[in-house]
Amino acid sequence: MSSTAVLGCAWGDEAKAKIVDVLAAEADYIIRFQGGNNAGHTIKVNGEKYVFHLIPAGILYPEKKCVLGPGVVIDPFELISEIKNLKAKGINFKNRFFIDPRAQLVLPLHRELDGRTEADNNQTKIGTTKRGIGPCYADAISRVGIRFGDLYEKEYLVERITNLFHHHDIPQNNVGSMVENLIEAGKILKPFLKQVIYLWAKSDKENLLFEGAQGSLLDVTFGSYPFVTSSHTIAGGIAIGSGFPKPTDRIVGVYKSYFTRVGEGPFPTELMDETGEKIRVKGNEYGATTGRPRRCGWFDAVAASYTAMVNGLDEVALTLLDVLSGLDTLKICVSYRLNGEKVEEFPCSSRNLARVEPEYIELPGWKEDISQVTEFHQLPENAQQYVFTIEELLGKKITMISVGADRKQTIFRKGLTAARNA
Ligand code: IMP
């Protein structure tokens, strides 16, 4: 048995799904362990575009099994609609899709609470996706949440929902219809119910692939708090969110070749100029879930080294390198100054992160379109140099480089795979 994780190592949207899709070819199970439909993954296979919010991208391989682990928060109505859309494209779910009964449910109430908090001028605006993710995780911790497995015990479900509304001091006018809708959703999803730890106990020879959502800088503990999501996006979140208790053998960190952020919060290398706009347009930097334009900036090696450390990365995948073609000069942030002093550690305070002054090195750009390049040595010299520089700054091998949305647009740097068990 082997286990691999693909984790976003910045503020999300690192094009992880593309890397998951490529590595899924070697996996038996593809597992989501955190987050919910705040995530948006887009994959192109043979020109056809697929967008995922909850279902692991591995579902595109007919023989692979996909799992939503106990750490995922599930909007059952959204999940049903995602399944329906994928089924319409010919994807089969029978005996290959599993949902853990411990997974918490995102209810319409959570969306409402999320929207309300975001609109409240007396609260810090986070710029959430308004999918109810934060309120759902908060309810889980407050022990008032509803779990997927609760859908199969009507009396208990009524009791739990009544309890939940009472907890939030919200009038309970429509509990009856909500319960009916949930029970209906539960019937549709019942074939997928499985305590997934029993799958792991029986998986001697199988390869597990953990698919991260969001990114390390959005981790609720190690990210730019409070401008974070509400789950554990880092490698440390895998065991608790999947029930697979062993350390992951191979941890692949995914970074974009530049940085982006959507929502509020500090972003030291943000570009507010024409270059930022160029990157946004060329990289199609608009959220797959909300359509919001993403903030764009230079690669931040200070933040990137921090997340490489937080996740104990074995190797790195660098995505969207093709987007940087055509820029005369590229910058990489190599250090921060705060109040004139060099900062040795990545600031844990968002106030300080907002105040740092990034210090850059400059590298020459390249003009060529690299989107059809399949071998590293075919890249323009300056593009190779850009990759070597990031590699050196992170102290990690860059084993995969993505130069386009299609599966085929991936450069594998042979002989560099750092899998501990390889
Ligand atoms: P929430 O996860 O909807 O609560 O949003 C919290 C923060 O995480 C906001 O800044 C969102 O923009 C950000 N966020 C959540 N999901 C994603 C994602 O999939 N990609 C990028 N940012 C995300």
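Atom set for the values below is all heavy atoms of this structure, side chains included, hydrogens, waters and symmetry mates excluded. In listed order, ligands and their atoms are each counted from 1.
- Atom CD1 of Ile183 has more than 12 neighbouring heavy atoms from other residues, nucleotides or ligands inside a 6.0 Å radius.
- Between Glu14 and Lys256, none of the side-chain N atoms (NZ, or NE/NH1/NH2) sits under 4.0 Å from a carboxylate O, so this pair counts as no salt bridge.
- Between Phe98 and Phe192, the ring center distance fails the sub-6.0 Å criterion.
- Counting heavy atoms closer than 4.0 Å to ligand 1, residue Val262 contributes atoms from both its backbone and its side chain.
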Practice item. Take Glu391 and Arg413 through the salt bridge (Lys or Arg N to Asp or Glu O under 4.0 Å) test and state the conclusion after the steps. Key: CA-CA 12 Å; Glu391 203 163 51; Arg413 291 180 70 209; 2.8 Å; yes
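- Remark: ligand 1 and Glu264 share no N or O pair separated by less than 3.5 Å (distance only, no angle test).
- Judged by the shortest distance from any of its heavy atoms, Arg131 lies outside the 4.0 Å radius around the atoms of ligand 1.
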Practice item. Using the ring-ring contact (aromatic ring centres under 6.0 Å, His included) rule, take Phe267 and Trp11 through it: C-alpha gap first, then chi angles, then the decisive distance, then the call. Key: CA-CA 9 Å; Phe267 182 0; Trp11 277 292; 5.3 Å; yes
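- Ser350 and Ser224 make their closest contact through OG-O, 3.1 Å (heavy atoms, listed as atom of the first residue, atom of the second, distance).
- Among protein heavy atoms, the minimum distance from atom 20 (N) of ligand 1 is reached at Asp13 OD1, 2.9 Å.
- Remark: distances from the non-hydrogen atoms of Ala39 to ligand 1 include one below 4.0 Å.
- Here is the list of ligand 1 atoms found below 4.0 Å of a heavy atom in Arg292: 11 (C), 12 (O).
- Environment of NZ in Lys89: crowded, with over 12 heavy atoms of neighbouring residues, nucleotides or ligands closer than 6.0 Å.
- From the protein, the heavy atom lying nearest to atom 14 (N) of ligand 1 is Leu218 CD1, 3.9 Å.
- Distances from ligand 1 to the non-hydrogen atoms of Val228 include at least one value under 4.0 Å.
- Closest to atom 5 (O) of ligand 1 among all protein heavy atoms lies Thr128 CA, 3.3 Å.
- Note: Phe299 and Tyr360 fail the aromatic proximity criterion, with ring centroids not under 6.0 Å apart.
- Of all protein heavy atoms, the one lying nearest to atom 9 (C) of ligand 1 is Gly127 O, 3.2 Å.
- Of the protein's non-hydrogen atoms, the one nearest atom 3 (O) of ligand 1 is Thr129 OG1, 2.6 Å.
- Nearest protein heavy-atom neighbour of atom 2 (O) of ligand 1: Thr229 OG1, 2.6 Å.
- Looking from atom 17 (C) of ligand 1 to the surrounding protein, the closest heavy atom is Gln214 CG, 3.5 Å.
- Relative orientation of the Tyr255 and Phe259 rings is parallel, given thresholds of 30° and 60° on the angle between their planes.
- For ligand 1, none of its N or O atoms has an N or O atom of Asp114 under 3.5 Å away.
- Asn311 and Ser216 are linked by a side-chain donor-acceptor pair at a separation below 3.5 angstrom, with hydrogens and angles left out of the test.
- Interface atoms of ligand 1 facing Trp11, defined by a heavy-atom separation under 4.0 Å, are 21 (C), 22 (N).
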